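Proteins get letters first, then strands, A, B, ... in listed order; numbering begins at 1 in each. Note that the coordinates shown come from a computational prediction; the quantities given were computed from them, not determined experimentally.
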Number of protein chains: 2
Amino acid sequence: MSDLLERLRERGWRMTSQRRVVAEVLDGDHVHYTADEVHARAALRLPEISRATVYNTLGELVALGEVTEVCTDGRARRYDPNAHRPHQHLVCSGCGTIRDVHPLGDPLADLPAAGRFGFTVSGVEVTYRGLCPACA
Amino acid sequence: MSDLLERLRERGWRMTSQRRVVAEVLDGDHVHYTADEVHARAALRLPEISRATVYNTLGELVALGEVTEVCTDGRARRYDPNAHRPHQHLVCSGCGTIRDVHPLGDPLADLPAAGRFGFTVSGVEVTYRGLCPACA
DNA sequence: TTGGATGCAAACATTTTGCATTAGC
DNA sequence: GCTAATGCAAAATGTTTGCATCCAA
């Protein structure tokens, strides 16, 4: 399923072989690669692709709202192509595996105006921590 | 203030001038410094303190459970001395300011067993995004 | 006294930048 | 052809490591 590529083409995104490969690597569910992992996978199909291009492309996809950045461990940022459907993350403290989850309720509603310090709150990220079946 | 220093002494933590200064820098509310900010502030009182010592000390404080790491922007990790009272974070997308907040409800209860992929869930981090009064 | 803590410098990992070349539209 | 995208290499940023020295208990 190449929803991502199709959406990008419709939006008039200038298509190059590098950008196509990056978009293909990011296509799928529960995908949360680091920039370096994206580069490695892209290089399997397009050996000459450079890291700078991967970083540029990921940055653009984030700016376009087609991919979101997630920061689960203070190390490398990860890129999540599941940007159209709101969801949260479940991270294994053992092996680092990340799964998309859909909790009930609305975390935004849980933060009363009185506790917002005058901020205009626009979004919320939730990261659940635990151990996956294999690590438990 | 200085609950932190006192707790550390009680726990038999070997005290040095460097560790004391780091603990003093971290003492307070809504404190979320990067390792480098801790180093800069510590160096005002103890110019010869090294970055390595600051990193070592922060790592130990985290291991002791007296400080928690927060990762709000994919760049440097930040260190939060408010580890005894559970709370979440409100981050300004403009200037990066971070405030501790205390939402209602329990996010853990919002993730039904059926959506946990067999994980043993032990904790949750919530980051609210918005604009502070000055940036709005 | 002695094991653990420190400082230094170098290595390492991740991300950004400048600029000449290339290629999509 | 014009403009934007690419590749390369260097730099910027953040963190870890090895090892000789120093110091709190």
#### Entry: Rounded distance (Å) that lies between atom P of D:dT13 and atom CG of B:D36
10 Å

### Query
Among all residues two or more places apart in sequence or in another chain, which pass the side chain to side chain contact (heavy atoms under 4.5 Å, CB included) test with A:Q18?
A:T16, A:L46, A:I49, A:T53

#### Entry: Rounded distance in Å - CD (A:E60) to P (D:dA4)
11 Å

### Query
Does anyone know the first and last nucleotide of DNA chain C in reach of chain A, 5' to 3', at under 4.0 angstrom to a heavy atom?
C:dT14 to C:dC25

### Task
Would you please say whether a donor-acceptor pair under 3.5 Å links the side chains of A:D80 and A:H89?
yes

### Message
By the disulfide (SG to SG under 2.5 Å) test, which pairs, at least two apart or in different chains, include something from residues 33-91 of chain A?
### Response
A:C71-B:C71

### Message
Does anything in residues 111-128 of chain B form a side-chain hydrogen bond (donor to acceptor under 3.5 Å, both in side chains)? List the pairs, not counting sequence neighbours.
### Response
A:R129-B:E125

### Task
Quickly work out the A:R14 CZ to D:dC2 P distance and round it to whole Å.
14 Å

### Task
Select one nucleotide: of D:dG7, D:dT16, D:dA24, the one nearest the side-chain heavy atoms of B:T16.
D:dA24

### Task
Assert yes or no for the condition that the ring centre distance of B:H30 to A:F117 is strictly below 6.0 Å.
yes

### Query
When the distance from CD of B:E48 to C1' of D:dT21 is rounded to whole Å, what number comes out?
14 Å

### Message
Let me spell it out: for each of B:W13 and A:R78, pick the nucleotide of DNA chain C with the closest heavy atom. Which residue's pick is nearer the 5' end?
### Response
B:W13

### Query
For B:Q88, which residues count as a side-chain hydrogen bond (donor to acceptor under 3.5 Å, both in side chains) partner, sequence neighbours excluded?
none

### Query
What is the distance, rounded to the nearest whole Å, between atom CG of B:N56 and atom P of D:dC19?
16 Å

### Query
How close or far is atom P of D:dT6 from atom CZ of A:R20, stated in whole angstroms?
11 Å

### Euclidean distance, atom CZ of residue A:R19 to atom C1' of D:dT3 [Å, nearest integer]
12 Å

### Task
Give B:A52 one of three labels, base, sugar-phosphate or nothing, depending on what nucleic acid heavy atoms sit under 4.0 Å from its own.
base

### Task
Could you pick out which residue, B:T53 or B:R75, lies toward the 5' side of DNA chain C when each is mapped onto its nearest nucleotide?
B:T53

### Message
On DNA chain D, does the nearest nucleotide to A:I49 precede the nearest nucleotide to B:S17 from the 5' side, or the other way round? Give the residue.
### Response
A:I49

### Message
Please determine whether a side-chain nitrogen or oxygen atom of B:Y55 lies at a distance below 4.0 Å from atom OP1 or OP2 of D:dT15.
### Response
yes

### Summary
Applying side-chain hydrogen bond (donor to acceptor under 3.5 Å, both in side chains) to A:D110 and not counting sequence neighbours gives none

### Query
Over how many whole Å does the gap from A:D73 atom CG to D:dG14 atom P extend?
16 Å

